[in-house]
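Worksheet for the structure shown next.
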Amino acid sequence: METSYYSYIRAILDTGNITRAAKSLFISQPALSQAINRLETQLGTKILDRSKNPIRLTLAGKKYMAASEKINAITTNLMNEISEITDEYQGELRLGISMQRGIQLLPSVIPLFSARFPHVTIELIEEGSSTLEKMLHDGACDLALITTEPRYTDLHYELLESEEVVLVAAYDTTFAKQHKAGSVIPISAAASELFVSLCKGHSVRTIQDELFARNRFDPSILLETDNVEAAKRLVAEGAALMLCPSVYITQSPEICDKVKCFRIQNMGYKRHFYFSYRKDMTLTRFMIEFRDIVKEHLATQARRICDGSASHLPLGRA
């Protein structure tokens, strides 16, 4: 069973049609169509229902993709085990992480990892956590550092840390002057405020949408962005408010000194940060070492905050 067929079908399902899939694969549309036709001829049945928009799998197609995922997992595990036997620790690590988490973690983690495993190459996949979780499920990446509520039974989720989502406003805004830093306020108190919002696919956006819906709150959105750093800086300059994970403030001293943070009444949500991978994948030595390096880095950060040697979340300042 050729692995290229799996990637072709996966691209069609992800993009919704053959033209966009061909573009994402950097091949021509006729070439992709011919490849799918060859596969369907070999199988003696249709695997794609082209009458649907977006294109969907037929029953035979679902069985083909399920079998392909198992074969891919078996192949990956075999190569990992062979690598362990030869003790060379060579290979590729397809690592999923959000851009913001990458900024925080990778400068400290990657140099240590590369020093221990100089022959392992890293393919970095930067997407929102929801997207990365699905990519893990689909077999499109090996490991992911994601913030989510577990959705897939075929994935393993190892908790790295939990964090609070807070409401953030610049010190010199009217809203910040009306409320004491660190106070617990209802989200309805910000009903007349502008918000900066992350785009769909980010776990914070999912939490935000659920919070607003639960409180029958339709916010005015100044800007939607995938860039957490840009969003934080807009808030720090007083352009709007933002729902933001506390860790994104504590680890940004240049932002921390300009904003007040408020706990949200009846929030009911905490973000959980996981080291995640497919249950049917055997972790190599270098994958386990990567996880351990990340865990140690996060533990060191937590100790620094507790010892007062890192910037604290401005929850108790006047």
Side-chain angles (χ1 to χ4, degrees), residues 14-17 20 23-24 54 96-105 124-135 140-141 144-149 151 163-176 179 185-252 254-256 258-264 267-273 313:
D14 288 342
T15 60
N17 66 49
R20 286 195 295 268
K23 186 175 181 180
S24 71
I97 190 169
S98 72
M99 186 175 294
Q100 179 66 25
R101 285 288 186 179
I103 291 171
Q104 294 172 351
L105 288 177
L124 194 61
I125 304 168
E126 294 178 298
E127 298 286 352
S129 288
S130 295
T131 301
L132 291 172
E133 191 176 13
K134 187 176 186 304
M135 291 181 72
C141 68
L145 298 169
I146 55 177
T147 307
T148 187
E149 288 298 323
R151 294 187 296 164
E163 62 197 28
E164 186 177 6
V165 176
V166 295
L167 183 64
V168 186
Y171 260 89
D172 58 358
T173 60
T174 301
F175 184 88
H179 301 278
I185 61 174
I187 191 64
S188 58
S192 62
E193 301 294 326
L194 281 173
F195 278 80
V196 174
S197 175
L198 296 181
C199 296
K200 290 185 182 297
H202 290 269
S203 59
V204 177
R205 174 61 182 269
T206 301
I207 291 173
Q208 171 185 297
D209 289 349
E210 291 176 356
L211 176 67
F212 290 154
R214 184 157 51 89
N215 287 271
R216 298 181 176 84
F217 180 20
D218 188 15
S220 298
I221 303 298
L222 172 67
L223 180 71
E224 288 189 1
T225 178
D226 272 321
N227 190 324
V228 180
E229 286 298 314
K232 290 192 303 184
R233 281 163 170 73
L234 277 170
V235 171
E237 296 304 320
L241 275 59
M242 180 184 183
L243 288 173
C244 186
S246 57
V247 67
Y248 291 173
I249 305 299
T250 58
Q251 296 179 9
S252 299
E254 74 283 4
I255 301 296
C256 193
K258 295 182 178 182
V259 300
K260 283 185 180 181
C261 294
F262 312 95
R263 292 191 167 98
I264 302 167
M267 179 65 179
Y269 300 102
K270 275 188 176 292
R271 281 171 35 107
H272 303 291
F273 186 43
L313 183 67

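Here the straight-line distance linking atom CE of Met242 with atom CG of Leu222 works out to 12.0 Å at 0.5 Å rounding. Here the CD1 atom belonging to Ile187 is positioned 4.5 Å from the CD1 atom belonging to Ile264, to the nearest 0.5 angstrom. To the nearest 0.5 Å, the span separating CG on Leu241 from OG on Ser220 amounts to 11.5 Å. The structure places SG of Cys141 at 11.5 Å from CD1 of Ile97, a figure rounded to the nearest 0.5 Å. Taking SG of Cys244 as the reference point, atom CD1 of Ile249 lies at 4.0 Å (rounded to 0.5 Å). To the nearest 0.5 Å, atom CD of residue Glu127 and atom CD1 of residue Ile146 are 13.0 Å apart.
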Requested in this report: Check the pair Asp14, Lys134 against side-chain contact (heavy atoms from CB on, under 4.5 Å), reporting the backbone distance first and the verdict last.
Outcome: CA-CA 11 Å; Asp14 288 342; Lys134 187 176 186 304; 3.9 Å; yes
Requested in this report: Would you check, one step at a time, whether the test side-chain contact (heavy atoms from CB on, under 4.5 Å) holds for Val259 with Lys232?
Outcome: CA-CA 10 Å; Val259 300; Lys232 290 192 303 184; over 6 Å; no
Report task. I would like to know whether Leu194 and Ile221 meet side-chain contact (heavy atoms from CB on, under 4.5 Å); could you show each step before the answer? Result -> CA-CA 6 Å; Leu194 281 173; Ile221 303 298; over 6 Å; no
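Under the side-chain hydrogen bond (donor to acceptor under 3.5 Å, both in side chains) test applied with His202, the options Thr225, Thr147, Asp226 reduce to a single match, Asp226.
When all heavy atoms are compared, the tightest approach of Thr15 to Arg20 is O-NH2, 2.8 Å. Here the closest heavy-atom approach between residue Phe195 and residue Ala190 is recorded as CE1-O, 3.6 Å. For the pair Ala176 and Ala169, the tightest heavy-atom approach, listed with the atom from each and the gap, is CB-CB, 4.3 Å. Across all their heavy atoms, Glu229 and Asn227 have their closest contact at N-OD1, 3.0 Å. Taking every heavy atom of both residues into account, Val168 and Cys261 meet most closely at CG2-SG, 4.0 Å. Of all heavy-atom pairs between Val204 and Pro245, the closest is CG2-CG, 3.5 Å.
For Glu237, the salt bridge (Lys or Arg N to Asp or Glu O under 4.0 Å) test picks out Lys258, with sequence neighbours left out. When the salt bridge (Lys or Arg N to Asp or Glu O under 4.0 Å) test is applied to Lys200, the partners found at least two apart in sequence or on another chain are Asp209. Scanning for salt bridge (Lys or Arg N to Asp or Glu O under 4.0 Å) contacts around Arg214 gives an empty result, with sequence neighbours left out. Taking the side chain to side chain donor-acceptor pair (under 3.5 Å) definition, one finds that Glu224 meets it with Arg205, sequence neighbours left out. Under the ring pair (Phe, Tyr, Trp, His ring centres under 6.0 Å) criterion, Phe175 pairs with His179, Phe262, not counting sequence neighbours. Every residue was checked against the side chain to side chain donor-acceptor pair (under 3.5 Å) condition with Glu126, not counting sequence neighbours, and none meets it.
Within the 4.5 Å cutoff, side-chain heavy atoms of Met267 are placed close to those of Ile207.
In this structure, the side chain of Thr148 does not engage the main chain of Ser129 through any donor-acceptor pair within 3.5 Å. Within the 3.5 Å criterion, the main-chain N or O of Glu164 finds no donor-acceptor partner in the side chain of Arg263.
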